[in-house]
Amino acid sequence: MGRYLIRRLIQAIPVLLGATFLIYFLTFALGGDPVQALAGEKKADPLVAAMLREKYHLDDPFLVQYWNYLTGVLQGNLGETLNGRQVLDLITEAFPYTVNLAIVAFAIEAFVGVTAGIMAALRRGKFLDQLVLLSTLLVISIPVFVTGFVLQLLLGVELKELGFDFFPVSFNESDGFKAYLLPGFILASTSLAYVTRLTRTSLMETMRADYVRTAVAKGLPRRRVVVNHALRNALIPIVTFLGADLGSLMGGAVITENIFNINGIGGLIAQAIRLDQGTVLVGVVTLLVLVYLLANLIVDLLYAVLDPRIRYA
């Protein structure tokens, strides 16, 4: 196990370098003028612009800028915006909101998706199965921003007029956990549908396996056959999907956070693109890549828990 962890950590280095290099290259290739973007509609003062370009090495070649960024990352410095804010401070302020939102969305996606998939698989071809297939297809077909605005109107506005103030329309930190429920459900909606369908398919395939049929033939209770024999193996592709989706939930929260005015990572990404702040964008991507790598490592380790036949040398 120790050697496996070391190999995975070593493999993570080129992945991290490749991801940061790619996003840095794309930011550099798109051009733009961050100094002028800082000035807004007004023309930037030539002296101030020249000073900023020299201070932040904006006129240096691409490889020189990227090398400066890497050396800064190794020292714990993700860079600085043109208005003097440390990128790490911006991420530290926004990260907790996105983490809370992603945790709520992940919990909804995992619990509701797996439960609905199991129920549909065990009632294949019946009304509940058809209802699950139809509803998940509907959720997948509707864009997230449409789902967000519709549920915001129905649950946040219409229910409030009826006296049920459970789902705030706009994010307010003082509302606590309740403030994350509706945006968390919207963020998880598409992934929830995929998890439901994946669970249904995986469990139905596992239920047809020889060892499951043998367990049934031995007279074991149906509940024990499903939980102890079929479900554990059926969960392996689902855990893989959930692990990869955890990073997607954090990176894909741009639309949801903007709908509910949440000042998280998604809002930070949108602001960085709008203001041409390449340093902020690369810093956020670096963080998200680390989340992806950590989530995938945890998923790989869970394989051995779900299936004892899997061992790591």
Side-chain angles (χ1 to χ4, degrees), residues 5 8-30 34 56 62 65-107 109 144 171 173 180 183-184 187-188 191 241-258 260-301:
L5 289 175
R8 286 301 302 269
L9 292 175
I10 294 175
Q11 292 172 2
I13 296 175
V15 174
L16 183 61
L17 290 176
T20 55
F21 179 85
L22 182 61
I23 189 63
Y24 212 101
F25 173 76
L26 292 175
T27 304
F28 188 88
L30 287 176
Y56 294 102
F62 164 70
Q65 292 189 39
Y66 180 66
W67 174 255
N68 291 334
Y69 172 76
L70 281 183
T71 55
V73 169
L74 293 177
Q75 298 172 7
N77 180 17
L78 294 179
E80 182 180 338
T81 63
L82 297 184
N83 54 13
R85 292 292 306 276
Q86 291 292 324
V87 174
L88 186 59
D89 293 339
L90 294 175
I91 294 177
T92 302
E93 294 174 3
F95 194 62
Y97 297 106
T98 301
V99 169
N100 291 336
L101 179 61
I103 290 175
V104 172
F106 184 82
E109 170 189 349
V144 174
F171 178 80
E173 194 171 359
Y180 292 99
L187 179 61
S191 298
F241 179 87
L242 290 173
D245 197 55
L246 181 59
S248 300
L249 290 175
M250 297 187 63
V254 178
I255 296 176
T256 306
E257 289 185 355
N258 275 276
F260 290 91
N261 297 320
I262 302 176
N263 297 320
I265 294 295
L268 191 61
I269 292 174
Q271 182 183 20
I273 295 174
R274 185 172 61 253
L275 299 179
D276 199 12
Q277 295 177 336
T279 306
V280 176
L281 191 59
V282 177
V284 172
V285 170
T286 302
L287 174 66
L288 294 179
V289 171
L290 290 174
V291 172
Y292 267 111
L293 294 173
L294 179 61
N296 285 323
L297 178 60
I298 294 175
V299 166
D300 288 345
L301 296 178

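Residues: numbered from 1 along the sequence shown.
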Can you tell if the side chain of Leu293 reaches within under 4.5 Å of the side chain of Gln11, non-hydrogen atoms only? no
When rounded to the nearest 0.5 angstrom, what is the spacing between CD1 in Ile265 and CG in Leu101? 11.5 Å
Got a sec, which residues hit ring-ring contact (aromatic ring centres under 6.0 Å, His included) with Phe106, two or more places apart in sequence or on another chain? none
Asn77 vs Leu88 side-chain heavy atoms within contact, under 4.5 Å: no
List the atom of Ser191, the atom of Asp245, and the distance in Å for their closest heavy-atom pair. OG-OD2, 2.9 Å
Spacing of CG belonging to Asn258 relative to CD1 belonging to Ile255, to within rounding of 0.5 Å: 8.5 Å
With a 6.0 Å cut-off on the ring centroids, do Phe21 and Tyr69 count as close? no
Shortest non-hydrogen pair, Tyr24 vs Gln65, comes out as OH-O, 3.4 Å
With a 4.5 Å heavy-atom cut-off, do Val289 and Thr20 have their side chains touching? no
Hits for ring-ring contact (aromatic ring centres under 6.0 Å, His included) against Tyr292, two or more places apart or cross-chain, chain-then-number order -> none
Shortest non-hydrogen separation from Ala105 to Leu187 and the atoms involved: CB-CD2, 3.9 Å
What residues form a side chain to side chain donor-acceptor pair (under 3.5 Å) with Glu93, not counting sequence neighbours? Arg85
Apply side chain to side chain contact (heavy atoms under 4.5 Å, CB included) to residues Leu78 and Thr279 and explain how you reach the verdict. CA-CA 8 Å; Leu78 294 179; Thr279 306; over 6 Å; no
For the atom pair CG (Leu242) and CG (Leu249), what is the distance rounded to the nearest 0.5 Å? 9.0 Å
Assess whether side chain to side chain contact (heavy atoms under 4.5 Å, CB included) is satisfied between Leu17 and Leu70, documenting all intermediate values. CA-CA 9 Å; Leu17 290 176; Leu70 281 183; 3.9 Å; yes
